[in-house]
Every structure is written in C-alpha cells, then in structure tokens.
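Counting begins at 1 with the first residue of the sequence. In each ligand, atom 1 is the first atom listed, and ligand 1 is the first ligand listed.
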Amino acid sequence: MSGLLVVTAVPAEAEAIRAGLTAPDETVTVVPVGVGPAVAAAATARLLALAEAAGRPYRAVVSAGIAGGFAGRVAVGGTVLADRSVAADLGAESPGGFIPVEDLGMPPELLGGGRTVPADPGLLAGLRAALPGATVGTVLTVSTVTGTAASTAALAERHPDAVAEAMEGYGVAVAAAQAGVRFAELRTVSNPIGPRDRSAWRMREAFAALTVAAAALH
Ligand SMILES: O=C(O)c1cccc(C(=O)CC[C@H]2O[C@@H](n3cnc4c(=O)[nH]cnc43)[C@H](O)[C@@H]2O)c1
C-alpha cells in the first residue's frame with residue numbers, strides 16, 4: 001500500500017501544498033491534474049489505476065485547492081473541509097427551476113452514486129482534528145464559476161449547507177469511489193462567490209492557507 005494522493009487543479013496549488021507538507025517524503029504524492037470535474041476525474045482514475053496495477057495502491061485521495069466561499073458561511077482566506085462533495089449543476093433546468101439528476105426519472109444504476117459523494121468519515125475526522133479552525137460543510141462542484149447575484153442566491157438557497165464551490169471535487173470523488181479508495185476534499189477560499197469581480201480574489205492568501213493546511217495531509 002502506498003501513501004496519500006493529493007490532486008489539485010493547477011501547479012500553483014500543488015506547489016503551495018508541497019511547501020507545507022510535514023509528512024516524510026513519498027508518504028504524500030501531490031499531482032496537478034487540470035481544471036474542471038471531467039479532467040480531474042479522468043486523471044485521478046488513471047493515477048489510481050496505475051498505482052493499483054503496480055501493486056502500490058493509494059490508501060486515500062484528497063481533492064485540494066482554492067475555492068469560492070459563500071459569504072457569511074466562510075471567510076476569504078479560510079479553510080474548508082467538505083463533509084460531502086456535490087455536483088451542483090448535474091441535472092436539468094426548467095421554467096420552475098433546477099431539477100437534480102436524481103429527480104429526472106433515470107434508472108438509479110445510471111447515476112453511479114448520485115450527485116452527492118460523502119467524505120470518508122475516518123479521513124474527514126483526521127483532517128478535522130488537525131485543522132480545528134476549518135469550516136466543515138458541503139462543497140459544491142460546478143463547471144462554470146458562479147458569477148451573478150441571481151445564480152449565487154439560487155445556489156445558496158438550493159444548498160443551505162454549502163460553504164464553498166470549486167470545480168474538481170465531485171470528479172475526484174467519483175474516481176475514488178469507483179476505485180474503492182477513501183476520499184476527502186480540502187479547500188482554502190480565494191474569493192467570495194458572487195458577481196464576477198476579479199479584484200476581490202485573494203489568491204496569495206488562499207495559497208498561503210493551503211500551505212498551512214498541508215501539514216494535515218499525511
Ligand atoms: O475569471 C477569471 O478570469 C479566472 C482567471 C483565473 C482562474 C479562474 C478560476 O476560476 C480558477 C478556477 C479554479 O479555482 C477553483 N476556484 C476558485 N474559486 C472558485 C469559484 O468561485 N468557483 C469555482 N471554482 C473556483 C476551481 O476549483 C478551479 O480549479 C478564473
């Protein structure tokens with residue numbers, strides 16, 4: 001059994017995490033796999049399968065990186081642990097509003113585990129203990145960064161337990177579930193979710209928080 005796999009979207013996130021690791025070398029492998037749920041899922045599945053085929057399966061996988069935070073639920077610069085990762089836009093639009101994929105009448109076997117994947121309880125408990133200041137809640141996975149007041153309000157209303165949104169967690173979670181590997185999601189908040197305003201993004205603060213949080217990864 002090999003160590004922990006940490007997948008980020010971009011190299012800057014991976015570097016921020018590597019800078020804060022305290023675990024012995026080779027215990028934690030950090031790989032930037034790309035932006036969005038599809039590339040994150042495909043690349044994670046490949047990494048897990050290659051490790052398994054080599055006789056050194058990963059014992060767990062963590063989706064980590066920066067995220068948008070829901071105002072009033074988590075501060076910019078804060079750290080978030082997902083108790084579940086949810087594909088927020090997997091479903092259908094209708095004049096009456098968004099319909100989750102589970103409610104579209106498809107056979108359950110076509111939906112995999114559905115659009116919600118819970119974090120592994122043991123993995124989450126260990127991360128919570130190591131990061132007592134982290135906000136714990138639902139982390140949404142979206143394919144489009146939320147960028148209007150109306151879509152922010154709709155998302156917050158549909159997901160009262162959501163604290164943050166990012167673009168990879170659900171994809172990584174599905175890859176982990178299909179490989180039978182434990183999963184968790186760790187995020188630091190670079191921006192408030194809301195009307196698109198790049199001047200409100202605090203990337204440096206979020207990367208610094210990722211470096212601090214990385215000490216929990218072992
Ligand atoms: O809007 C831009 O011009 C822009 C330029 C560079 C990067 C971006 C991103 O949206 C980065 C997405 C990346 O970071 C995560 N992330 C961070 N904040 C959010 C958010 O509010 N909503 C969704 N994802 C976010 C995400 O996981 C991606 O990996 C934009």
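The distance from ligand 1 to the heavy atoms of Ala67 drops below 4.0 Å at these ligand atoms: 16 (N), 17 (C), 18 (N), 19 (C). In the vicinity of Ala9, heavy-atom distances shorter than 4.0 Å reach the ligand 1 atoms 29 (O).
At a 3.5 angstrom cut-off on N or O pairs, Ile193 does not count as close to ligand 1. Considering both main-chain and side-chain atoms, Met167 comes within under 3.5 Å of ligand 1 through a nitrogen or oxygen pair. Taking any N or O of Arg196, backbone or side chain, at least one lies under 3.5 Å from an N or O belonging to ligand 1.
Nearest approach of Ala176 to Leu48, heavy atoms of both residues: CA-CD1, 3.9 Å. Taking all atoms of both residues into account, the shortest heavy-atom contact from Ser151 to Thr146 is OG-CG2, 3.4 Å. Looking at every heavy atom in both residues, Tyr58 comes nearest to Leu47 through CE1-O, 3.9 Å.
Counting heavy atoms of neighbouring residues, nucleotides and ligands inside a 6.0 Å radius, atom CZ of Arg158 exceeds 12 of them.
Side-chain contact between Ser190 and Val76 is absent, with no heavy atoms from C-beta onward closer than 4.5 Å. Taking the side chain as every heavy atom from C-beta outward, Val181 and Arg59 never approach each other to under 4.5 Å.
If you look at Arg187 next to ligand 1, the close heavy atoms, those under 4.0 Å, all belong to the side chain. With a 4.0 Å heavy-atom cut-off, ligand 1 is reached by the side chain of Ser190 but not by its N, CA, C or O. Contacts between Asn191 and ligand 1 below 4.0 angstrom, taking non-hydrogen atoms only, involve the side chain exclusively. Contact annotation for Ala166 and ligand 1: heavy atoms of both the backbone and the side chain come within less than 4.0 Å of the ligand.
Ion pairing of Arg56 with Glu26 is absent here, as no side-chain N (NZ or NE/NH1/NH2) approaches a carboxylate O to less than 4.0 Å.
With sequence neighbours excluded, the residues forming a side chain to side chain donor-acceptor pair (under 3.5 Å) with Asp120 are Arg182, listed by chain and number.
For residues 88-102, every residue pair satisfying the salt bridge (charged side-chain N to carboxylate O under 4.0 Å, His left out) rule, not counting sequence neighbours, is listed here: Glu102-Arg115.
The protein atom (non-hydrogen) at minimum distance from atom 19 (C) of ligand 1 is Gly68 N, 3.3 Å. Nearest to atom 9 (C) of ligand 1 among the protein's heavy atoms is Trp201 CH2, 3.6 Å. Scanning the protein for heavy atoms near atom 28 (C) of ligand 1, the closest one is Glu168 OE2, 3.4 Å. Here the protein heavy atom with the shortest distance to atom 22 (N) of ligand 1 is Glu165 OE2, 2.6 Å. Scanning the protein heavy atoms around atom 7 (C) of ligand 1, the nearest turns out to be Arg198 NH1, 4.3 Å.
At least one heavy atom of Ile66 sits under 4.0 Å from some atom of ligand 1.
Taken from CG in Leu186 to CG in Leu210, the straight-line distance is 6.5 Å, to the nearest 0.5 Å.
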